[in-house]
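First comes the structure, then the notes that go with it.
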Amino acid sequence: MLHVAVCGSGRGSNFQAILSAMEKKSITGVDVRLVISNNSTAGILDIARAHHIPAVHLSQKQFPTETMFVDAFLELLRAHEVAVVVLAGYMKRLPPTVVKAYRRRIINIHPALLPKFGGAGMYGAHVHEAVIAAGEKESGATVHFVDEEYDHGEIILQRRVPVREDDTPASLAERVLNVEHEILPAALHHLAMTLSTGGNL
Ligand code: GRF
């Protein structure tokens, strides 16, 4: 069983998509042990609580130094025996010490076809505005390993959607979000299967 922590800052629809896929058994071998949010009022924490999954508000603001925040973050992961961390709308950059401790064991979902339209500032509507402004004929979503740079690590899974002439950032965001909800559970299932059969990521 792959023990997973999910980190998010918002409503948690990608986290819900993981839970729904588990319930439908379209992904197996995954156990969500912990949800962390930097936002005490984030919907993702409410979803975790409704599923009796430990839901923790943990923010850099609660600590005088980054080192103390990192120690608390890593201790939480260790205490819940977490093997893989899923960033699902987590708006903070993970400290390099955490990335190093979980090299190729942290994945992120991004609402564009990386490496295009990624990096600092490329989040939420900004991504879809940029895609439309660039005249792209297609967009999509990407699951990738997290490294020390924003939206930069090796790509695990991508799926494309058309950009329509009359698309607004909101209509494109909705089409991309539907694909996010498919590829994040699929990528997590792939990791679980790979690790459970002794494979390397
Ligand atoms: C998603 O669009 C994801 O691609 C981005 O943040 C959003 C999170 O949405 N990283 P939700 O909280 O999972 O609904």
Side-chain angles (χ1 to χ4, degrees), residues 4-24 26-27 30 32 34-51 53 55-59 84-94 98-99 106-132 136 138-163 167-189 191:
V4 168
V6 179
C7 301
S9 306
R11 68 200 157 185
S13 75
N14 275 287
F15 173 48
Q16 181 59 62
I18 291 170
L19 294 176
S20 302
M22 290 165 65
E23 281 154 20
K24 285 184 297 193
S26 54
I27 65 171
V30 172
V32 179
L34 172 66
V35 171
I36 299 173
S37 182
N38 60 297
N39 171 6
S40 61
T41 63
I44 194 170
L45 294 175
D46 295 328
I47 295 171
R49 293 179 188 118
H51 287 80
I53 295 170
V56 177
H57 170 225
L58 192 74
S59 164
V84 164
V85 178
V86 178
L87 306 185
Y90 188 65
M91 290 302 158
K92 297 293 181 186
R93 188 185 58 81
L94 280 183
V98 174
V99 174
I106 306 172
I107 66 174
N108 179 52
I109 177 83
H110 182 75
L113 295 175
L114 293 177
K116 295 174 75 173
F117 304 104
M122 277 294 161
Y123 60 89
H126 300 299
V127 178
H128 309 297
E129 286 162 4
V131 166
I132 291 169
E136 297 290 336
E138 58 180 16
S139 188
T142 303
V143 181
H144 64 96
F145 285 114
V146 170
D147 63 15
E148 285 81 357
E149 293 177 53
Y150 268 125
D151 304 328
H152 175 264
E154 180 187 337
I155 291 171
I156 299 169
L157 195 54
Q158 267 185 337
R159 193 162 299 168
R160 295 168 188 280
V161 299
V163 178
D167 261 328
T168 62
S171 62
L172 179 56
E174 184 182 358
R175 192 173 311 120
V176 170
L177 190 63
N178 287 332
V179 162
E180 294 177 45
H181 292 167
E182 294 167 6
I183 67 171
L184 184 57
L188 193 51
H189 184 59
L191 295 194

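Whatever order the structure lists them in is the order used to number ligands and atoms, beginning at 1. Below, each value reflects all heavy atoms present in this structure, side chains not excepted, and no hydrogens, waters or symmetry copies.
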To check your reading of the model: name the closest protein heavy atom to [atom], its residue, and the distance in Å.
{"atom": "atom 3 (C) of ligand 1", "value": "E180 OE1, 3.1 Å"}
{"atom": "atom 12 (O) of ligand 1", "value": "G12 N, 2.9 Å"}
{"atom": "atom 9 (O) of ligand 1", "value": "R11 NH2, 3.4 Å"}

(request) Output all residues satisfying side-chain hydrogen bond (donor to acceptor under 3.5 Å, both in side chains) with D46, sequence neighbours left out; order by chain, then residue number. (result) R49
(message) side chain to side chain contact (heavy atoms under 4.5 Å, CB included) for D167 and R175? Distances and angles first, verdict last.
(response) CA-CA 10 Å; D167 261 328; R175 192 173 311 120; 2.7 Å; yes
(message) Taking atom CD as the centre, does E174 end up with more than 12 heavy-atom neighbours from other residues, nucleotides or ligands that are less than 6.0 angstrom away?
(response)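 No, the 6.0 Å shell around CD holds no more than 12 heavy atoms from other groups.
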(request) From atom 6 (O) of ligand 1, work out which of G89, A125, A112 has a heavy atom at the shortest distance. (result) G89
(message) I'd like to know if the side chain of S139 and the backbone of V161 have a donor-acceptor N/O pair within less than 3.5 Å.
(response)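 No: the side chain of S139 does not pair with the backbone of V161.
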Below 3.5 angstrom, do we get any N/O pair linking [X] and ligand 1?
{"X": "I109", "result": "yes"}
{"X": "Y90", "result": "no"}
{"X": "H110", "result": "no"}

(request) Tell me yes or no: between the side chains of S9 and N38, is some donor less than 3.5 Å from an acceptor? (result) yes
(request) Give the atoms of ligand 1, by number and element, whose distance to some non-hydrogen atom of P111 is under 4.0 Å. (result)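 This gives 4 (O) as the contact atoms.
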(message) Restricting to side-chain contact (heavy atoms from CB on, under 4.5 Å), what partner residues turn up for A5, sequence neighbours left out?
(response) L34, L77, V82
